[in-house]
Amino acid sequence: MEDNFFNKVYEVVRIIPIGRVTSYGAIGKYLGSAKSARMVGWALNKCPNDVPAHRVINRNGLLTGKAHFNGINLMQQLLENEGIVVEENKVIHLENNFWDPSKELL
DNA sequence: CTGTTGACTGTCG
DNA sequence: GCGACAGCCAACA
């Protein structure tokens with residue numbers, strides 16, 4: 001596996017537990033720089049089927065990437081399907097469902 | 001090869 | 001508390 005920042009994003013996102021969500025910055029920070037959150041978004045832009053990009057949201061718990069999915073409510077539906085409460089395109093109880101690779105994965 | 005854009009976040013004013 | 005700027009790296013025109 002190539003240790004590129006890009007590739008790391010795929011691996012981290014793939015290991016996100018069910019019923020948990022994380023943020024672009026959390027992944028970017030785990031990889032080295034929180035400022036690399038943009039790269040996380042760009043990486044997810046490739047959005048391989050193996051990567052549950054719907055579990056990756058912004059720091060505010062807002063489903064910023066919902067527009068990039070096949071539909072608009074698809075991302076929300078997937079999150080709710082995993083038991084995550086989503087309302088107005090944002091995750092409720094975010095801190096309760098938040099999964100930080102720097103802490104959980106460690 | 002150079003410039004712009006992009007699913008973000010943190011800091012400064 | 002809100003607005004604007006900077007930083008990170010890769011892909012596309």
Side-chain angles (χ1 to χ4, degrees):
Chain A
M1 290 297 285
E2 298 177 10
D3 293 347
N4 293 335
F5 206 100
F6 215 80
N7 205 332
K8 291 280 188 109
V9 176
Y10 296 131
E11 293 189 61
V12 174
V13 175
R14 274 186 252 196
I15 62 179
I16 297 176
I18 305 296
R20 293 278 196 265
V21 291
T22 188
S23 63
Y24 304 94
I27 297 172
K29 185 177 183 180
Y30 173 69
L31 299 180
S33 301
K35 303 300 183 71
S36 302
R38 297 180 131 171
M39 284 289 73
V40 178
W42 195 265
L44 293 180
N45 192 352
K46 305 297 185 179
C47 201
N49 295 333
D50 297 349
V51 180
H54 59 275
R55 293 185 193 154
V56 185
I57 57 184
N58 72 340
R59 194 55 171 108
N60 296 319
L62 189 65
L63 282 63
T64 50
K66 72 181 196 319
H68 287 260
F69 277 78
N70 292 316
I72 303 298
N73 297 334
L74 179 61
M75 189 173 188
Q76 181 173 332
Q77 289 293 288
L78 290 170
L79 292 172
E80 289 184 330
N81 187 27
E82 296 185 355
I84 300 171
V85 181
V86 182
E87 195 167 300
E88 295 185 50
N89 298 327
K90 62 186 172 192
V91 177
I92 310 302
H93 304 291
L94 177 62
E95 296 180 8
N96 191 29
N97 292 309
F98 191 78
W99 180 79
D100 188 345
S102 300
K103 296 176 182 176
E104 302 296 318
L105 183 61
L106 193 57

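Chain letters run A, B, ... following the sequence lines, proteins first and then strands; every chain starts at 1.
Contact check for A/F6 versus A/L31: no side-chain heavy atoms found under the 4.5 Å cut-off. Counting only heavy atoms from C-beta outward, the side chains of A/I57 and A/L94 approach each other to under 4.5 Å. Taking the side chain as every heavy atom from C-beta outward, A/Y30 and A/V40 never approach each other to under 4.5 Å.
Remark: A/R38 fails to qualify as a cation-pi partner of A/F5 under the 6.0 Å distance and 45° angle criteria applied to the six-membered ring.
A/V91 pairs with exactly one of A/L62, A/V85, A/L63 by the side-chain contact (heavy atoms from CB on, under 4.5 Å) rule, that one being A/L63. For the side-chain contact (heavy atoms from CB on, under 4.5 Å) with A/K66, the lone residue among A/L74, A/I72, A/V86 that qualifies is A/I72.
Annotated stems with DNA chain B as a participant read B:2-6 with C:9-13, B:8-13 with C:2-7, given as range with range, by first number; only runs of 3 or more Watson-Crick or G-U pairs under 3.5 Å qualify.
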*Let me see the working for A/I16 and A/V56 under side chain to side chain contact (heavy atoms under 4.5 Å, CB included), right down to the final yes or no.*
CA-CA 9 Å; A/I16 297 176; A/V56 185; 4.1 Å; yes

*Contact state string [nucleotides 6-13 of chain B, B base, S sugar-phosphate only, - no protein heavy atom under 4.0 Å]*: BBBBS---

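Between A/R20 and A/E104 there is no salt bridge, since no side-chain nitrogen of the basic residue lies less than 4.0 Å from a carboxylate oxygen of the acidic one.
Between the P atoms of C/dC5 and B/dT5, the separation comes to 15 Å (whole Å).
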